[in-house]
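Presented below is the structure to which this report refers.
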Amino acid sequence: MMPAARESLLDAAFTAVARRPWSAVRMVDVAAAAGVSRQTLYNEFGSKEGLARALVRREADGYLAGVERALAAHGDARERLTATAEWTASAARDNALVRAMLTGCWSERLPSPALSAVPSSSPVPAQRRADGPLPSPGDFVALVRDRAVAALAGPGAARAESAELARSCELVVRLALSCVAAPPGEGGVAGLVHGLLQRQPV
């Protein structure tokens, strides 16, 4: 199957979840919305659970790609960490699946596949990856922290410097996640991050 058709099916599933609870989403409707047969959908994902895992994996990858863009932006370390925190808060605000993944709070409306790997016999490489372990909130903290350190630590940074930077990055990630759970008032995410980083070396 063409990757574009897989994306169309995932787009259709994402749209369906926005409109009705996952339990009410029917595979035949997802296939019809994507313009493919139900058999094609089953060939690609194996089951409704397989579709759910692939959808969650795609949204996780999209969130992490946004983190990479924020960290690659121009500016000093504080500006890039602020951009990462703002992206985290906006991605979670705009995408219920990202919010659920980052907080671990899955509503009954959403698919909530097990985070552990499931046995996969899929011939589709993308599905075998989706059937692997899915990231937990703690995994996201570590992934974003490690990517931030890699992006911000200059080559040859001293070990103590890297450890200090890792601590600051983790605090920023955790602060961003707290903003997902309880949106900040005036000053927003950027104000909170700037306040935190004034007390932290970056």
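For clarity, every value in this text was computed on a predicted model and none was experimentally measured. Because only heavy atoms are used, hydrogens play no part in the values below, and waters and symmetry mates are left out as well, while side chains stay in.
- Val173 places none of its side-chain heavy atoms less than 4.5 Å from the side chain of Thr88.
- Inter-residue side-chain proximity for Gln127 and Glu44 is flagged as unmet; no heavy-atom pair is nearer than 4.5 Å.
- In this structure, Leu115 and Pro135 have side chains that are not in contact, with every pair of non-hydrogen atoms separated by 4.5 Å or more.
- Ser136 and Asp139 are linked by a side-chain donor-acceptor pair at a separation below 3.5 angstrom, with hydrogens and angles left out of the test.
- Under a 3.5 Å cut-off, the side chain of Thr40 and the backbone N or O of Val36 do not form any donor-acceptor pair.
- Residue Arg20 qualifies as enclosed at atom CZ: its count of foreign heavy atoms under 6.0 Å is above 12.
- Exactly one of Val172, Thr103, Val141 qualifies for a side chain to side chain contact (heavy atoms under 4.5 Å, CB included) with Leu177. That residue is Val141.
- Looking at Val189 and Leu175, their side chains never come closer than 4.5 Å, going by heavy atoms from C-beta outward.
- The ring-ring contact (aromatic ring centres under 6.0 Å, His included) pairs that include a residue from residues 89-142 are Tyr63-Phe140, where partners are two or more places apart or lie in different chains.
- Across every non-hydrogen atom of Ala89 and Val180, the tightest pair is CA-CG2, 4.2 Å.
- Among all heavy-atom pairs drawn from Ala114 and Leu134, the shortest one is O-CD1, 3.8 Å.
- Applying the salt bridge (Lys or Arg N to Asp or Glu O under 4.0 Å) test to every pair with at least one member in residues 97-118, sequence neighbours left out, gives no pairs at all.
- Follow the hydrophobic side-chain contacts under 4.5 Å out from Leu51 and you never reach Val124; the two are in separate clusters.
- Annotation: side chain to side chain donor-acceptor pair (under 3.5 Å) contacts involving residues 116-126, sequence neighbours excluded, comprise Ser120-Asp131.
- At distances below 3.5 Å, at least one donor-acceptor pair connects side-chain atoms of Arg57 with backbone N or O atoms of Pro133.
- Judged by distance alone, with hydrogens and angles left aside, the side-chain atoms of Lys48 form a donor-acceptor pair with the main-chain N or O of Trp22 at under 3.5 Å.
- Residues Leu97 and Phe14 have side chains in contact (heavy-atom distance under 4.5 Å, counting atoms from C-beta outward).
- Atom CZ of Arg174 and atom SG of Cys179 lie 14.0 Å apart (nearest 0.5 Å).
- A donor-acceptor pair is defined here as one N or O able to donate and one able to accept, closer than 3.5 Å; no such pair exists between the side chain of Arg147 and the backbone of Leu71.
- Once rounded to the nearest 0.5 Å, the distance linking SG of Cys105 with CG of Leu110 reads 11.0 Å.
- Without hydrogens or angle criteria, Arg128 side chain to Pro123 main chain gives a donor-acceptor distance under 3.5 Å.
- The minimum heavy-atom distance linking Ala77 with Leu152 is given by the pair CA-CD2, 4.0 Å.
- Side-chain atoms of Pro137 and Leu102, non-hydrogen and from C-beta on, never get closer than 4.5 Å to each other.
- Using a distance-only test at 3.5 Å, with no hydrogens or angles considered, a donor-acceptor pair links the side chain of Arg53 to the main chain of Ala130.
- Of the charged side-chain nitrogens involved, at least one lies within less than 4.0 Å of a carboxylate oxygen, so that Glu164 and Arg167 count as a salt-bridged pair.
- Note: Arg6 CZ to Leu41 CG = 10.0 Å, rounded to the nearest 0.5 Å.
- If you take CG on Asp61 and CZ on Arg129, they are separated by 4.0 Å, rounding to the nearest 0.5 Å.
- A side chain to side chain contact (heavy atoms under 4.5 Å, CB included) with Val30 is found for one member of Leu9, Val17, Asp11 and no other, namely Leu9.
- Atoms CD and CG, from Glu86 and Leu81 in turn, are 11.5 Å apart once rounded to the nearest 0.5 Å.
- Rounded to the nearest 0.5 angstrom, Arg78 CZ and Leu197 CG are separated by 5.5 Å.
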> Would Leu55 and Phe45 count as a side-chain contact (heavy atoms from CB on, under 4.5 Å) if you check the C-alpha gap in whole Å, the side-chain angles of each, and the deciding distance to 0.1 Å?
Replying inline: CA-CA 10 Å; Leu55 184 58; Phe45 299 103; over 6 Å; no
